[in-house]
Amino acid sequence: MSTFGAVFGEAFRLIGALDLALLDIVWLSLRVSLSAVLISTVVALPFGAALAVTRFPGRDALVVTVNALLGLPAVVVGLAIYLLLSRAGPLGTFGILFTPAAMVVAQAVLIFPLIAALARQAVADAWREYAEQMRSLGAGPVASSLALLHDLRFSLVTIVLAAFGRAIAEVGAVMIVGGNIDGVTRVMTTAIALETSKGDLPLALGLGIVLLGIVLLLNVGAHLLKERAQRHHA
Amino acid sequence: MALNRRRVAAAFLATALALGAQAQEKSIVVASTTSTEQSGLFGHILPAFAKSTGIAVRVVALGTGQALDVGRRGDADVVFVHDRAAEDRFVAEGYGVDRRDVMYNDFVLIGPKSDPAKVAGGRDVAAALKAIAAARAPFVSRGDKSGTHAAELRYFKDAGVDPGEGKGSWYRETGSGMGPALNTASSMNAYVLADRGTWLAFRNRGELRIVVEGDTRMFNPYGVILVNPAKHPHVKQAEGRAFMDWIVAAEGQAAIAGYKVGGEQLFFPDAKR
């Protein structure tokens, strides 16, 4: 069996067929991961910037911890969120386990350290250059953070895209907190895991190629927007 | 600034999309096993149930041990599993009520065409496992506390073999679901115990085939249990019971009997009416 021929055949068949169930899965993947990225970004960017421009006891320890959390396995995040959201857990009353909302929470937590750590580094580098100037203008830490984040917005896009990539590619967390329920919490990665389980390797890899294509399209879109905005502001 | 406002609006929109997407339909969560989900059974019978009752069933497919644990934590309304001893314990401990027989399928011993332990064609699963252990032929175990794993350990006990001694050599615990275990066995030409449903639906067989089947011990009964509403008050009792009533009644039983893969019936209804 020429596996790779079959894989590409399967991928094109999937795209050509425009299968409704597949579209639902793709749409859910995008919805969950984009929501997670947006929620995480709103919190992690200011957090990272604050870490860069402020000085307080234990700051270095916090920076190292956030950097270390980059190595956080998705399955561990999934398990922790599962235990929190389980009916027997502290947040069980919300009843959101095995729903897309739980998957958003898990992915948002998973990518928080990534956005925070990279944003902190970017802001810290800029801060070294502009700290003097900001202080002379009388800007406090909040104003400085916001000004630097605004200044760095084009680099931050890359960070956010990296976070999106990690979110949409992970399978360990969404499998546990979503449960891979057909039509409800099945996303691209859990569908790939399921087809692998069934031994339908061409279909699994075909889905993988579709996922890759979607991420690529999104990146192309983000790149074009960024280029246009950059030209506009130049 | 306009750009920023647009971005914030997009953020809110996307968040609303994600969180508001849960339609307010009647639904229950059923924690079940990979064998029922991956064999395609649920895909076949659940649309009929949804059509006759308007209740959507959300299946979380896990190993039996894990499925019961999800029930124990109150994260499912109904469990649908296959490990009688563990099911009875689940009910005895007060986590579930109203266990009912639903159906059975059977286990089959899968092995490579080369058959290094010379067990092909036999009907005695314990004798076959004994021969595999004696030949130190590779054997892939689920190792995940699933119903199939529990059955495998029972057969090894019947064979008087302690598979723990083979760890690191011929006995390979993968700690994975039925499909992944079959994938592993397929790539290392190992023996593996599987439920017939998953085996029939499995595509990546390579050199593997059925070597032992038909032992009465390999009978594999499935039961359905309501998670105890007294312990977990949020359990959707009415909908859960509707599902249990339906699956043991004529319509559900006929739907189970009607599911075939390649012309072969996978599950045999045996609810006591």
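Just so it is clear, the model here is predicted, and its values are computed rather than measured. Sequence lines set the chain letters: A, B, ... in the order given, protein chains first and strands last, and positions in each chain run from 1.
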Rounded to the nearest 0.5 Å, what separation is found between the CD atom of A/E195 and the CD atom of B/Q38?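 If we round to the nearest 0.5 Å, A/E195:CD and B/Q38:CD are 9.0 Å apart.
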Nearest-0.5 Å distance that lies between atom OG in A/S197 and atom CG in B/L182: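 A/S197 atom OG to B/L182 atom CG measures 10.0 Å (nearest 0.5 Å).
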Which heavy atom of [X] sits nearest a heavy atom of [Y], and at what distance?
{"X": "A/R186", "Y": "B/E37", "value": "NH2-OE2, 2.9 Å"}
{"X": "B/N204", "Y": "A/L201", "value": "ND2-CD1, 3.6 Å"}
{"X": "B/R203", "Y": "A/G199", "value": "CB-O, 3.4 Å"}

Part of B/V29 within contact of chain A (heavy atom distance under 4.5 Å):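 Only the side chain of B/V29 comes within 4.5 Å of chain A.
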Proximity breakdown for B/D75 and chain A, heavy-atom pairs closer than 4.5 Å: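 Its backbone and side chain both get close to chain A.
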For chain A, which candidate among B/A61, B/G74, B/G40 shows the most heavy-atom pairs at distances under 4.5 Å?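 Top option by heavy-atom pairs under 4.5 Å: B/G74.
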Against chain A, work out which of B/A201, B/G179, B/A56 has the most heavy-atom pairs shorter than 4.5 Å and name it.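 Highest number of heavy-atom pairs under 4.5 Å: B/G179.
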Trace of the side chain to side chain contact (heavy atoms under 4.5 Å, CB included) decision for A/F98 with B/V70: CA-CA 11 Å; A/F98 302 143; B/V70 164; 4.0 Å; yes
Just give me the residue among A/S86, A/A88, A/G179 that pairs up with chain B most often, heavy atom to heavy atom, under 4.5 Å.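 So the answer, after comparing A/S86, A/A88, A/G179, is A/S86.
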Around atom NZ of B/K145, are there more than 12 heavy atoms of other residues, nucleotides or ligands at under 6.0 Å?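 Open: at most 12 neighbouring heavy atoms sit under 6.0 Å from NZ of B/K145.
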Would one find more than 12 heavy atoms of other residues, nucleotides or ligands at under 6.0 Å from atom NE2 of A/H223?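 Atom NE2 in A/H223 is not crowded, with 12 or fewer foreign heavy atoms closer than 6.0 Å.
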Side chain proximity check, B/R73 to A/L83, heavy atoms < 4.5 angstrom: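 Side-chain contact under 4.5 Å: yes.
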